[in-house]
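So the structure is just underneath, and the comments pick up after that.
Below, chains carry the letters A, B, ... as their sequence lines are ordered, and counting in each starts from 1. Just so you know, these numbers use all the heavy atoms, side chains as well, and skip hydrogens, waters and symmetry mates.
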Protein chains: 2
Amino acid sequence: MAEQAETLRRTPLSRDRILRAAVALADGAGIESLSMRNLAQELGVVPMALYKHVANKDELLDGMIDVVVGEIEPLTTGVGWQPAIRRRVLSARQVLRRHPWASLAIESRTMATPAVLGYLDSMIGALRAGGLSTDLTHHVMHAMGSRILGFSQELFDASRQAGRTGPAAPTPPASLPPEVAARFPHVAEIAEAASHDDGSVVRQGCDDQFEFEFALDLLLDGIERLRAQGWTSAR
Amino acid sequence: MAEQAETLRRTPLSRDRILRAAVALADGAGIESLSMRNLAQELGVVPMALYKHVANKDELLDGMIDVVVGEIEPLTTGVGWQPAIRRRVLSARQVLRRHPWASLAIESRTMATPAVLGYLDSMIGALRAGGLSTDLTHHVMHAMGSRILGFSQELFDASRQAGRTGPAAPTPPASLPPEVAARFPHVAEIAEAASHDDGSVVRQGCDDQFEFEFALDLLLDGIERLRAQGWTSAR
DNA sequence: ACCTGAACACCGTTCAAGT
DNA sequence: ACCTGAACACCGTTCAAGT
């Protein structure tokens, strides 16, 4: 009877409630814990109940991606294209850091969800408004790749480790085991440099935010140079 | 008895034979068809036989990644750092196009396999030999991200669609459905431009190779400019 | 000591039976 | 008409039983 009371009090299932529970589950327990069965249990319903609101697991993932993309700040108006794009990409990055599973999910899905298209559309609009030709804008969107959505596909990305959550741990380069350092001397050299370049003795690893902004600005500055030169693909 | 003869003729299992069969299976049938059970069947052995040579499925994936990385051309010597890096990255790209499952596999694994470290080590060596400081080299490696291994994380990447194999189909931008075009006008505009910019009437989509090289050169040229300026992070 | 069939603890999803 | 338990066709991996 306590169960009956609980059932009565429980908010009825809805697509929205399912998506928010799924995002919370993936954030908290890792994407590998997100199964239809686990999610149903979390919501206190039978697994099959979910299928009334989402067609299948892929559609669930698409919906979760849309929730995440919806958390990204809108474009700032009244500034140049470069700071506007820069600010929004960095906002996207903050959002993706709150949902570490999302970047892999975005990559493995086909990517045609309305929220993602809307995001891309507004970014393209900002580039066009900044004076980039359709030609340049097109290639720029390709060149930015997933970085336009705030993630970078770094090869050593701690947040990518299965099930990890919370703020990323310092990345490997600092403090390589001696046998690894001997075998890969060039890796060891820059790891050494990275761990000392703030003068501190403590190992610090890499500053993810610095690295992201370095790459972002390398791209944005290069793009601005092409725009100013009137670059065209001239195919 | 025919079975017995077959058994006798059959090459004995080895880690190497397992890895090559796994790569062939993933190439041919898609990564989603790669299960320990399927792989064992392909090799004509019982699933448990695989566990004598690989500890588990993750180690199998690591081994497969090493096979793929081993196919990348060595660095060209006797040219500047920029053409040397450029050539090798483009070689890596060709390899990854033969193994469309590999980029996602690389991203989802932790990435500390010896073959990958060896590859990164030689790339770092080439940058250092080209006169980049350890400081700049470090940030450049982060900025290149997965592009140093030849893949780009584009948001619309046909080769990323589950199970797809062979050369990538032309990417979406050409020929958007009218209702999509109406809702996302900026996306439609550059899609339109892309499908017409060679003067042909036929839709062509995006030239993946062009886009990849555009982004690669945008980065490499920006890096060369920083090197020439004696850039330092000055943290 | 080696090998392997059966079993365990999971999946996503279908479908028929129950209300 | 709606809901759902059981079932189906899979997983990766453990483990004990058989040789």
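- Considering only residues two or more places apart in sequence or on other chains, B:R20 meets the salt bridge (charged side-chain N to carboxylate O under 4.0 Å, His left out) condition with B:D16.
- Applying the salt bridge (charged side-chain N to carboxylate O under 4.0 Å, His left out) test to residues at least two apart or on different chains, the pairs with a partner in residues 178-189 of chain A are A:E189-B:R128.
- Considering only heavy atoms from C-beta on, B:L104 comes within 4.5 Å of A:L104 through its side chain.
- Using the six-membered ring where Trp is involved, B:H142 and B:H138 have ring planes that are perpendicular, over 60° apart on the 30 and 60° scheme.
- C:dG18 and D:dC8 have their P atoms separated by 16 Å, given to the nearest Å.
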Let me have the donor-acceptor pairs involving side chains of residues 38-56 of chain B, under 3.5 Å, with sequence neighbours excluded, atom names and distances please.
| unit_1 | atom_1 | unit_2 | atom_2 | d |
| --- | --- | --- | --- | --- |
| B:N38 | ND2 | B:S33 | O | 2.8 |
| B:N56 | OD1 | B:D58 | N | 3.2 |
| B:N56 | OD1 | B:E59 | N | 3.0 |

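- If you measure from atom CE of B:M48 to atom P of D:dG18, you get 18 Å, rounded to the nearest angstrom.
- One finds the CG atom of A:L127 at 8.0 Å from the CE atom of A:M144 (value rounded to the nearest 0.5 Å).
- When each of A:V68, A:L25, A:L34 is tested with A:W101 by the rule side-chain contact (heavy atoms from CB on, under 4.5 Å), just one qualifies, namely A:V68.
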Quick one: what's the B/S/- string for nucleotides 7-12 of chain C, heavy-atom cutoff under 4.0 Å, read 5' to 3'? B---BB
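- Distance, A:L50 CG to C:dT13 P: 11 Å, rounded to whole Å.
- For residues 63-74 of chain B, the set of pairs meeting the salt bridge (charged side-chain N to carboxylate O under 4.0 Å, His left out) definition, not counting sequence neighbours, comprises B:E71-B:R98.
- Atoms CG (A:L13) and P (D:dC2) sit 16 Å apart, rounded to a whole Å.
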Intra- and interstrand pairs of DNA chain C - dot-bracket, Watson-Crick/G-U under 3.5 Å, | marks other strand: ||.|||||...|||||.||
